[in-house]
Amino acid sequence: MSERRKPYPFDFIEPKWQKIWDEKRSFHAPNPGESNFDAAKPKFYVLDMFPYPSGAGLHVGHPEGYTATDIVARYKRFRGFNVLHPMGWDAFGLPAEQYAIKTGQHPALTTRDNVAKFKSQLKRIGFSYDWRREVNTTDPRYYKWTQWIFLKIYNSWFNPETGKAEPVTTYQGEDPDRVRLAYVAEVPVNWCPQLGTVLANEEVVDGKSEVGGFPVERKPMRQWMLRITAYAERLIKDLDGLEWSESLKLLQRNWIGRSEGAEIDFKVAQVSNLPIEKQGKLETCPTIRVFSTRPDTLYGATYMVLAPEHSLVDLIVTEEQWPEVRAYRERTSRKSDLERTELSKDKTGVFTGAYAINPVTNQKIPIWVADYVLLGYGTGAIMGVPGHDERDLEFARKFNLPIIPVVQGPYLTPEQSIGYVGDGTAINSPIIDGLPTPEAKRKIVEWLSQNGVGQPNINYKLRDWLFSRQRYWGEPFPVVWQDGQHRALDETELPVVPPSLEDYKPTGTAEPPLAKAKEWVRYSNKATRETNVMPQWAGSCWYYLRFCDPHNENRFVGETAEQYWMAGTNDENAASARPTAGRRIAKGKKAPNGTAETSPSGIRHSASPKSGGVDLYVGGVEHAVLHLLYARFWHKVLFDLGYLSTPEPFQRLINQGVILGEDNQKMSKSRGNIVNPDDVIAEYGADAFRCYEMFMGPLEQMKPWSMRGVEGVSRFLARVWRLMMRENQEGKWELSPAVQDAELTRSQQKVLHATIKKVTDDIETLSFNTAISQMMIFVNAFTNAEVVPLTAMRTFLVLLNPLAPHITSELWQLIGGPGEITEQKWPSYDEDLLAEEEVEIVLQVNGKVKGHVTMSTKATENELETAAMEHPKIKETLGGKPVRKIVVVPKKLVNIVAG
RNA sequence: GCCGAUGUGGCGAAAUGGCAGACGCAACGGACUUAAAAUCCGUUGGGCUUAAAAGGCCCGUGCCGGUUCGAGUCCGGCCAUCGGCACCA
């Protein structure tokens with residue numbers, strides 16, 4: 001492609017200003033205690049989800065969120081905030097390791113190169129990061145503290161009395177290893193043979209690994225777990241106070257999956273034909289506990305089902321049923337999760353030969369084994385109520401088990417109520433007959449409690465977090481093994497640095513690659529090191545805390561730094577940073593939880609004290625249940641232990657929408673529709689790139705890329721340039737003579753103040769697309785003006801600066817400052833200048849527009865009414881029909897209802 | 001199956017219950033130019049009326065209904081697309 005003439009010299013301007021910002025450290029946010037720290041300034045913490053620095057470099061999706069946060073960061077600085085806007089690298093993970101396996105190049109080297117590439121790309125876009133705060137999760141100075149936090153988790157337990165994590169030394173029981181928040185357990189895990197590692201539930205999608213899409217099998221293995229389930233309740237409850245989209249909160253709520261119900265104990269009926277060696281054991285284990293959200297249907301429980309892996313199966317199966325049950329168990333264990341899901345429609349199962357006693361009917365009911373009951377949820381056993389559960393009904397019909405209706409649905413006969421799963425009235429249930437479902441539940445649970453055969457209970461879908469991986473490129477555990485016991489290392493022994501390996505390949509067995517480094521593994525004569533490593537998510541669980549104080553060598557984050565940056569918004573301080581003018585009545589638009597309000601100046605703040613934390617966090621929705629849940633969990637543990645001042649890390653969270661290719665399809669190599677930011681910047685400049693990303697549409701919406709669109713925005717910036725600059729005879733740019741110290745005309749004043757208002761409001765609500773539209777209107781209004789008043793240009797440049805920082809910095813300098821644009825104050829608008837003296841009033845008859853009339857804004861309702869009735873067009877339309885009603889909306893319209 | 005989000009011109013989109021389509025793209029016409037690009041100015045939802053223009057009339061925000069003087073916006077019911085969950089008892 002031949003070199004296109006640049007519409008304005010962005011190729012000169014942009015590197016120039018990026019260099020100046022770098023050298024002057026223009027965007028460094030001082031911490032409390034630093035010499036240039038200003039305690040009078042309120043803080044604002046605006047955070048991006050830091051990237052995994054892949055070899056492919058940035059794609060256009062990354063800078064979408066990054067641009068949004070950068071605009072807010074620059075805007076808040078104008079507004080007088082001390083703005084924390086950092087960037088770093090989430091660099092542990094599979095791709096660097098897979099590359100190491102292929103090439104033998106150490107992942108640290110790959111990571112270093114990729115980070116350098118990402119960083120230079122980000123700098124080319126002109127983001128105002130405080131690069132002095134850069135962190136890298138693979139840096140020993142960073143993961144030392146990741147390991148340190150692990151030690152805190154390991155050395156804590158969740159005290160159900162206080163509902164908080166406490167040091168494990170406060171635990172009164174015998175074996176603290178049973179209650180630690182980090183523990184080792186032999187559990188069925190997701191094993192991925194191709195990746196040679198286990199994966200968390202969250203990393204398995206449709207029975208395949210999220211990374212690579214390889215099949216995953218269930219396999220019992222001894223692994224490190226984190227007791228996130230202890231926090232299930234708080235992780236749900238604390239969502240209420242957060243300014244997140246309701247749909248995102250719902251995603252987390254569903255993932256945690258809270259269900260209220262009851263646990264009910266069923267006695268196993270004594271059976272005579274049990275083998276002798278099992279009869280004794282049965283005495284000691286006489287009950288099967290189930291969980292049900294519908295204890296009110298207990299009378300309809302006509303059978304029970306145990307999960308195939310349930311430990312009681314061994315004890316209760318009769319001798320004659322044993323071969324069949326064993327065969328069934330083997331069949332299911334061979335099934336992958338995928339198969340188990342795919343075949344879900346077709347129920348399978350076998351009878352154990354044993355019976356249980358229904359505690360309310362005292363009837364003997366058969367006990368089955370079936371894989372539609374999962375070991376991991378509830379107790380791994382259920383009562384089968386075919387009358388009012390779809391799955392149980394299907395199962396009962398297939399195996400001819402009795403079906404009894406015990407809930408009568410509205411407008412249904414008892415017979416018709418079979419298969420009805422909603423609330424209704426209890427029937428065929430002597431203790432609760434006639435009661436509506438909620439009361440029936442309450443009463444039956446009360447009865448169960450009194451009789452010692454059940455109690456209310458809450459269950460969660462959330463499982464404990466499988467925290468170990470059989471890989472190389474991750475944080476080693478600060479743990480050693482001795483005599484089959486795990487033991488945490490002392491804090492003074494951190495960081496635990498992984499050994500360098502010749503061969504990074506997973507062993508294909510449960511033994512991690514680190515085990516190959518025999519020297520390293522040998523900790524002492526008696527003890528060996530843990531060879532598993534932590535999962536990729538570990539580093540990202542707390543990076544936002546490290547940003548507050550990234551170079552602290554004595555603490556994961558300094559106390560004063562943490563308290564300053566993670567504090568709740570101090571409204572008094574925020575008020576002092578607000579402009580003095582620009583009063584307007586708040587709309588309170590888009591308040592997600594009903595408590596947030598819009599202040600007179602348009603700054604959103606909460607009526608009740610905020611829980612604090614990061615003030616604005618922007619990132620992809622793909623982290624809705626992984627990173628965001630894990631980080632909240634770690635944060636709460638550290639909060640409980642007294643290390644943090646807020647219970648939640650991220651107060652306001654926005655998910656940017658996915659950017660599609662020009663063909664409206666997801667960008668992918670195979671489709672060949674990937675847009676490379678470098679190419680766009682080379683052709684149109686970083687400012688055009690930034691503005692286009694924001695002009696495309698609402699931030700949270702999915703939207704397709706368009707090169708034509710970039711061109712349009714680039715034209716807009718060129719018009720801004722030519723508003724103040726013109727080309728002379730030699731083809732050099734020089735200041736336009738139209739730019740003068742001059743008074744604004746009335747209409748210029750109006751559009752200027754309308755633009756201040758609109759841009760200010762829109763940045764507050766992250767509606768950058770309409771902010772740009774308004775600035776286009778402004779530029780259109782001044783294009784071809786014979787006199788371009790300097791003051792208007794100064795104001796406008798500040799408004800545009802957060803979006804297009806380079807061109808505005810250059811123009812600011814060219815029109816003679818004063819100072820640098822970044823040192824300016826955000827402009828305020830004057831409502832009086834916005835007010836029109838005259839407005840066009842819409843005249844309607846029966847809701848249809850029939851004419852217009854221009855009236856003073858001071859016109860009374862009577863005057864408006866009279867003007868409407870005298871309008872010839874209205875008279876004509878009415879044609880003498882009787883007027884029944886006249887609706888007058890001041891400054892807007894008159895609607896005459898007639899006929 | 002359950003839950004959620006979204007449906008507006010040729011395209012991206014905008015619109016505190018008050019003139020639907022701001023702003024931009026594309027298209028078309030004009031100015032400038034030897035010419036083109038760039039730039040600037042203008043037109044641009046659909047249909048009918050008209051020789052033409054001006055003007056006028058009708059229809060139009062996925063579909064059906066409701067509330068209202070007035071609905072893209074609020075309410076009820078559907079449909080479609082996208083996303084999440086998916087035997088969770």
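So you know, we letter chains A, B, ... as the sequences are listed, proteins then strands, and number each from 1.
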field: Bracket string, RNA chain B, 5' to 3' - pairs by Watson-Crick or G-U geometry under 3.5 Å, | interstrand
entry: (((((((..(((.....[....))).(((((.......))))).(((((.....)))))..(((((..]....))))))))))))....

- prompt: Base, sugar-phosphate alone, or nothing: which one does A:K873 contact when heavy atoms must sit under 4.0 Å apart?
  reply: sugar-phosphate

field: P gap between B:U44 and B:A54, integer Å
entry: 10 Å

task: Determine the interatomic distance between P on B:C25 and the same-named atom on B:A35; round to the nearest Å.
output: 26 Å

message: What's A:Q774 touching, base or sugar-phosphate or nothing? Going by heavy atoms closer than 4.0 Å.
response: nothing

- prompt: Under a 4.5 Å cut-off applied to non-hydrogen side-chain atoms, are A:I886 and A:N895 in contact?
  reply: no

- prompt: Does a salt bridge link A:D296 with A:K441, judged by any charged N lying under 4.0 Å from a carboxylate O?
  reply: no

- prompt: Across the strands shown, which category fits A:L250 at heavy-atom distances under 4.0 angstrom: base, sugar-phosphate, nothing?
  reply: sugar-phosphate

message: Taking the C1' atom in each of B:G9 and B:C23, what is the distance between them to the nearest angstrom?
response: 15 Å

query: With sugar-phosphate meaning primed atoms plus P, OP1 and OP2, does A:R463 contact a base, only sugar-phosphate, or nothing at under 4.0 Å between heavy atoms?
result: base

field: Polar contact flag, side-chain donor to acceptor under 3.5 angstrom, A:R719-A:N780
entry: yes

message: Between A:N784 and B:C41, is there a contact of a side-chain N or O with OP1 or OP2 at under 4.0 Å?
response: yes

message: Between A:H753 and A:Y829 (side chain of the first, backbone of the second, donor and acceptor by atom type, cut-off under 3.5 Å), is there such a pair?
response: no

- prompt: How would you label the contact of A:V849 with the nucleic acid (heavy atoms, under 4.0 Å): base, sugar-phosphate, or nothing?
  reply: sugar-phosphate

field: Atom P, compared across B:G10 and B:G21: separation rounded to whole Å
entry: 15 Å

- request: Using a 4.0 Å heavy-atom cut-off across all strands, classify A:L893 as base, sugar-phosphate, or nothing.
  value: base

- prompt: Looking for any heavy atom pair under 4.0 Å, which part of the strands does A:G378 touch: base, sugar-phosphate only, or nothing?
  reply: nothing

- line: Rounded to whole Å, CG of A:N254 lies from C1' of B:G4 at a distance of 9 Å

task: Could you tell me whether the phosphate oxygens of B:G24, OP1 or OP2, come under 4.0 Å of any side-chain nitrogen or oxygen in A:N780?
output: yes

task: Report the nucleotide, chosen from B:A22, B:A89, B:A13, that has the shortest atom-to-atom distance to any side-chain atom of A:I777.
output: B:A22

message: In whole Å, measure the gap between the C1' atoms of B:A89 and B:G4 for me.
response: 24 Å

- prompt: Side-chain contact, heavy-atom cut-off 4.5 Å: A:F10 with A:D687?
  reply: no

message: The side chain of A:N895 is closest to which nucleotide in this list: B:C69, B:C23, B:G83?
response: B:C69

query: Considering heavy-atom distances to RNA chain B, does A:V713 or A:T379 have its closest nucleotide positioned more toward the 5' end?
result: A:V713

message: What I'd like to find out is whether the side chain of A:V897 reaches to under 4.5 Å of the side chain of A:V883, using heavy atoms alone.
response: no

query: What is the nucleic acid contact for A:N459, judged by heavy atoms within less than 4.0 Å: base, sugar-phosphate only, or nothing?
result: nothing

query: When only distance counts, do a donor and an acceptor, one from the side chain of A:E840 and one from the base of B:C19, lie under 3.5 Å apart?
result: yes

message: What's the gap between B:G17 and B:G70 when it is taken at their C1' atoms, as a whole Å value?
response: 8 Å

message: Less than 4.0 angstrom between a side-chain N/O of A:S259 and OP1 or OP2 of B:A89, yes or no?
response: yes

query: Hey, is the main chain of A:L843 close enough, under 3.5 Å, to the side chain of A:H871 for a donor-acceptor pair?
result: no

hbond_proxy A:K461 side chain to B:C85 base (donor-acceptor, 3.5 Å cutoff): no

query: Do side-chain atoms of A:T765 reach the backbone of A:D761 as a donor and acceptor pair under 3.5 angstrom?
result: yes

- prompt: Can you check the A:L660 CG to B:G12 P distance for me, whole Å?
  reply: 11 Å

query: What's the CG-C1' distance between A:L248 and B:C85, to the nearest Å?
result: 14 Å

- line: Of B:C19, B:C57, B:G24, the nucleotide closest to the side chain of A:K850 is B:C57

query: When you check the phosphate oxygens OP1 and OP2 of B:A14, does a side-chain N or O of A:N769 lie under 4.0 Å from one of them?
result: yes

- prompt: For A:K885 and B:C69, is the shortest distance between a side-chain N/O and OP1 or OP2 below 4.0 Å?
  reply: yes

message: Does B:C82 have OP1 or OP2 under 4.0 Å away from a side-chain N or O of A:Q701?
response: no

Gap in Å between the two P atoms, one belonging to B:C59 and one to B:G7, rounded: 25 Å

- prompt: So, is A:K848 near the phosphate of B:C59, with a side-chain N or O under 4.0 Å from OP1 or OP2?
  reply: yes

- prompt: Is B:G9 in the syn range, within 90° of 0, or in the anti range?
  reply: syn

task: Output the single nucleotide from B:C3, B:C69, B:A22 whose closest atom is nearest the side chain of A:S773.
output: B:A22

message: Students often get this wrong, so: under 4.0 angstrom with heavy atoms, is A:V887 touching a base, only sugar-phosphate, or nothing?
response: base

statement: The ring pair (Phe, Tyr, Trp, His ring centres under 6.0 Å) partner of A:Y303 among A:W368, A:F395, A:F399 is A:F395

task: Determine the contact category for A:R722: base if any of its heavy atoms lies under 4.0 Å from a base atom, sugar-phosphate if only primed atoms, P, OP1 or OP2 are that close, otherwise nothing.
output: sugar-phosphate

message: I want to check one thing: is the phosphate of B:C25, taken as OP1 and OP2, less than 4.0 Å away from some side-chain N or O of A:R715?
response: yes

message: From CH2 of A:W255 over to C1' of B:G83, roughly how many Å is that when rounded to an integer?
response: 15 Å

query: If the C1' atom of B:U16 is compared with that of B:G65, how far apart are they to the nearest Å?
result: 27 Å

message: Between A:D392 and A:V385 (side chain of the first, backbone of the second, donor and acceptor by atom type, cut-off under 3.5 Å), is there such a pair?
response: yes

message: Holding to side chain to side chain contact (heavy atoms under 4.5 Å, CB included), I want the full list of residues that pass it with A:S259, two or more places apart in sequence or in another chain.
response: A:F291, A:T293, A:Y377

statement: Assign each of A:V889 and A:G712 the nucleotide of RNA chain B bearing its closest heavy atom; nearer the 5' end lies the nucleotide of A:V889

message: Does A:S247 reach a base, just sugar-phosphate, or nothing at all? Heavy atoms under 4.0 Å.
response: sugar-phosphate

